[in-house]
Amino acid sequence: MAALDAPSTQGGGREFAFTGEDFRTIAAVLHGDAGIYLPDTKATLVYSRLAKRLRVLGMSSFREYCALIQGQNGLDERQAMLAALTTNVTRFFREPHHFEDLRDKVMPALAAKARSGGRVRLWSAGCSTGPEPYSMALTLLGVLPDAARHDVKILATDIDPNVVQTARAGVYSREALEAVPASDRKHLMRDPAAGSDMWRLSDEVQDLITFRELNLVRPWPMSGKFDVIFCRNVVIYFDDATQEQVWKKFIDVMNPGARLYIGHSERVSGDGGRLISDGLTAYRLGAAR
Ligand SMILES: C[S@@+](CC[C@H](N)C(=O)[O-])C[C@H]1O[C@@H](n2cnc3c(N)ncnc32)[C@H](O)[C@@H]1O
């Protein structure tokens, strides 16, 4: 590949040399680390997002940057590169039909299971800064207000330790919380220490959720099975083979009849017919054939 179409600086020339080989190295490292596929059309985006990193590191070329991320001391920078190249866009009650489905079609049976002593587990896989698992927790508490007295837990994971830390803190602006329904607002507490109009999710909500760093394309440590998995707007960045591996691994950790919610532009494939479409981008685990 010839030198890529990288943006120019005001002076006319490119600030940092950026070749096709540099792009391929960065794409290969990102794919190896996180399963994320970068087509050539993303070259300009890669240049502009990583140019900031080169400036911070005082480097003068992408070749130097590539040597760092491939070297023994490159682990921290690979983490920073991942954060720079991925999007963490998320919001409370995003794709609200999933939370309506959870409340009306899924939670009644799970609440009965919990009340009769059963174990209930939900997972937000690729939770970003937290609005998704908190929306799940608020929905769950709406149906099962005494969840704390039962064996009910939500796991929330992401590959990026920075977003996991933000999610765990559970502090958001009023604007970020606008989509929270009036009936759930009793779980929002003012947090003056965090800022004049900052709010914290109540302990009752926070105690339901365990936040962990987890890479979906590496082995998963958990042994128990899940009743509900939200994995939305995450695998869209993976290549097809990696997506199929993730769907198969979800099947392995889902209870019979468990539910999977995916993003509006994502599709399940290579699941051997196990994940049965049941609503808009909602699936139910069917029996093995
Ligand atoms: C666009 S956000 C989606 C957040 C939320 N699920 C939603 O739909 O609002 C995508 C998240 O996937 C995470 N991610 C990307 N690759 C991942 C991987 N290999 N394992 C786990 N999380 C990953 C990113 O760090 C990011 O926080």
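Side-chain atoms are counted along with the backbone in the values below, which use heavy atoms only and exclude waters and symmetry mates. Note that ligands are numbered from 1 as they come in the structure, with each ligand's atoms numbered from 1 the same way. Computed from a predicted model, the values in this text were never measured in an experiment.
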Query raised in the report: Salt bridge check: are Arg149 and Asp146 linked by an N-O gap of less than 4.0 Å?
Result: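 Salt bridge between Arg149 and Asp146, a charged N being under 4.0 Å from a carboxylate O: yes.
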Query - Pairing of Arg91 and Glu132 as salt bridge, 4.0 angstrom limit - result: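 Salt bridge between Arg91 and Glu132, a charged N being under 4.0 Å from a carboxylate O: no.
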Requested in this report: Step by step, work out the salt bridge (Lys or Arg N to Asp or Glu O under 4.0 Å) result for Arg232 and Glu266.
Outcome: CA-CA 8 Å; Arg232 309 183 309 160; Glu266 296 165 331; over 6 Å; no
Ring centroid separation for [X] and [Y], is it under 6.0 angstrom?
X: Phe226; Y: Phe250; result: no
X: Tyr65; Y: Phe18; result: no
X: Tyr134; Y: Phe211; result: yes

Report summary line: Near ligand 1 (heavy atom, under 4.0 angstrom), the protein residues are Ala34, Ile36, Thr87, Asn88, Val89, Thr90, Arg94, Gly126, Ser128, Glu132, Asp158, Ile159, Asp160, Leu214, Asn215, Leu216, Arg232, Asn233, Val234, Phe238
